[in-house]
Amino acid sequence: MSHEASAAGRVALVTGGASGIGRATAVRFAAAGARVVIADLQEDLGNAVVAEILAAGGEAAFVRADLTREEDTDGMVDFCVTQYGALNWAFNAAGITGTPAPFHETSLETWRRLIDVDLTSVFLSMRAELRHMVHNGGGAIVNASSIAGLSPTPNLASYNAAKHGVLGLTKSGAKEYSGRVRVNAVLPGATDTPMIRKYMDDNPAIQGEMRAEPGTGHFADPDDIAAAVVWLCSDESRHVSGVSMAVDGGLLLH
């Protein structure tokens, strides 16, 4: 595949790479020839992904990072450079969904937690990544937003706001660093990940509604999203920046 050649020798960082879309992307980066660093709080799961990549003949390492702390986001980039000598690509995938509640019943604690994990973490990660990339030949960053960043999901005001904010950070980065670092976002629809399955298990009232949503008639596989991320980082998309790419089977059309 053409993207395999373009990944050879690259170093890719994946935040939230221990599970779900982040895990699928880490595996796909490695299969394409990149050396991969997984940053996450889930050490056992993160190390399991590293072991999977190594067993398949790839190169990978894990670094424990709380992405809401600037010392950890700075540290994960330092780890990449120390471990592999560079940072070329980054996928900022870490995030949570939260507990659904009507807007007027949403607690300040819920708001602050969602904004911290889903938005502030992207700001801190991008800032650390850009500091390296702008002084070392450029690179490509992809941020994980959601179709909720364009069409809000009822009863998830904090999540919606965070995912809208990720698009703002993406466009800001793309414009400010044009010609040096490409910055794009992927907007997954419903995707078969541990996070969404837990969300559905914890909120049985919305299960039928989610399964009945128009589009493809089924959830995306995490690898469907990973394929878009790898393409957005690769040289095949060298003229693409500032884009918010929905990977939702056409759901937004409905």
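This one's a predicted model, so the numbers in the text were calculated from it and none came from an experiment.
Residues forming a side chain to side chain contact (heavy atoms under 4.5 Å, CB included) with Glu71 (at least two apart in sequence, or on another chain): Arg69.
When Asp44, Val36, Asn47 are each tested for a side chain to side chain contact (heavy atoms under 4.5 Å, CB included) with Phe62, only one passes: Asn47.
Checked by atom type and distance alone, the side chain of Asn88 pairs as donor or acceptor with a backbone atom of Val11 at under 3.5 Å. Within the 3.5 Å criterion, the main-chain N or O of Ala148 finds no donor-acceptor partner in the side chain of Ser151. Formation of a donor-acceptor pair under 3.5 Å by the Thr110 side chain with backbone atoms of Thr106 is not found in this model. Of the possible polar contacts, one joining the Arg182 side chain to the Leu232 backbone as a donor-acceptor pair under 3.5 Å is found.
The distance from the CD1 atom of Ile115 to the OG atom of Ser121 is 10.5 Å, given to the nearest 0.5 Å. How far CD1 of Ile225 is from CZ of Phe91: 8.5 Å, rounded to the nearest 0.5 Å. Atom CG of residue Asn184 and atom CH2 of residue Trp231 lie 8.0 Å apart, to the nearest 0.5 angstrom. Residue Tyr177 holds its OH atom at 10.0 Å from OG of Ser172, rounded to the nearest 0.5 Å.
Contact check on Asp223 versus Arg28 returns a salt bridge, with a Lys/Arg side-chain nitrogen under 4.0 Å from an Asp/Glu carboxylate oxygen. We find that Asp74 and Arg131 are joined by a salt bridge, their nearest charged nitrogen and carboxylate oxygen being less than 4.0 Å apart. Between Asp235 and Arg10, at least one side-chain nitrogen of the basic residue sits less than 4.0 Å from a carboxylate oxygen of the acidic one, meeting the salt-bridge criterion.
Within 6.0 Å of CZ on Arg180 lie more than 12 heavy atoms contributed by other residues, nucleotides or ligands.
Residues Glu105 and Asn155 have side chains that never bring a donor and an acceptor to within less than 3.5 angstrom of each other. For the residue pair Arg127/Thr73, the side-chain donor-acceptor check at 3.5 Å is not satisfied.
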